[in-house]
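Counting convention: from 1, in listed order, for ligands and their atoms alike.
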Amino acid sequence: MTTDLPGTVVSTPTLTVGDIACRVISDGQAAYEPSFLFANVDSETLGPTLDGRLDDQGNLSTPYHCLLLQTPTATVLIDTGLGRLAAVAGAPAGHLLNSLASAGFSADDIDVVVLSHAHPDHIGGLSQDGELTFPRARHIMSRTEWDFWTDEDTLARLPEMLAAPARALLPPLLEADVLDLAEGETEILRGVELIPAPGHTPGHCVVRIGSGSSGVTFLADAVLDELQFRHPGWVSAVDFSAEETVRTRKRLLCNAATDGSLVLAYHMSTTGTVEQSSGSFRLLPRESRQ
Ligand SMILES: [Zn+2]
């Protein structure tokens, strides 16, 4: 594991699922107020659970972890990081292309871009200087998610920090004719499935690689922090539907606990298996990447 930019892990162990190699590619990280990430938890309850994890400002640093898949037929990137929006947000992120280069890949190597959902930290890297970042790639996302984030009446009701990136970054995919919209569970390539996991956003999806105990589920933002295994009812200020977020999270973690598959997530540093006990879960780390 090596680091060239502050906070940027540029080379990570590869996980192999059948004939698919999975590699976490860091876009960087960002610090959030705990009350934003765990919006329905009072500070007396939350405080002790974050012991030793907060920075000098009292914020929690959260990684941005895209996933690169090398299948026998294609190179697939899941989510694109914060891109140029990092400068606006003042976050040490937007390093995806550097991290890809350090792992031996260029933007032109990407055949397929999969978008788990359309929040800025996942679509920010889609284009830069008015040009698509991955011009050779087909771009795949849920039709439900696309419809939500391209509807001006909906966007007008959302905070500008969420609406503006969607307005700027999504329509060019349609104009360039590189967009494929998925409905329901969709096989992207053999052994790689996009699976609806609504709640965090209306069309939020996770990605399933392989199956059974040898499979891996990229949970995207269905889990935002390792604490949500022990406390699956804790939701953030940006979970679109708190109720559906929790229902989906429990379903995904329950499935992983049952079939023994590995889980990882965009904002987690840990990959592991899941254990279930009386309405709560435990993440048993396979490895720690930070
Ligand atoms: Zn996110």
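- Between the NE2 atom of H122 and the NE2 atom of H267, the angle centred on the Zn ion (ligand 1) amounts to 120° when rounded to 10°.
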Check step by step if ring-ring contact (aromatic ring centres under 6.0 Å, His included) holds for Y64 and H267.
-> CA-CA 5 Å; Y64 288 2; H267 296 292; 5.3 Å; yes

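- Going from atom CD of E152 over to atom CZ of R157 covers 10.5 Å, rounded to the nearest 0.5 Å.
- Just one residue in the list H119, H117, H122, H65 forms a ring-ring contact (aromatic ring centres under 6.0 Å, His included) with Y266, and that residue is H122.
- Under 3.5 Å, the side chains of T217 and R208 contain a donor-acceptor pair of N or O atoms.
- The Zn ion (ligand 1) is closest to atom OD2 of D121 (considering only N, O or S atoms).
- Within D221, the N, O or S atom at minimum distance from the Zn ion (ligand 1) carries the name OD2.
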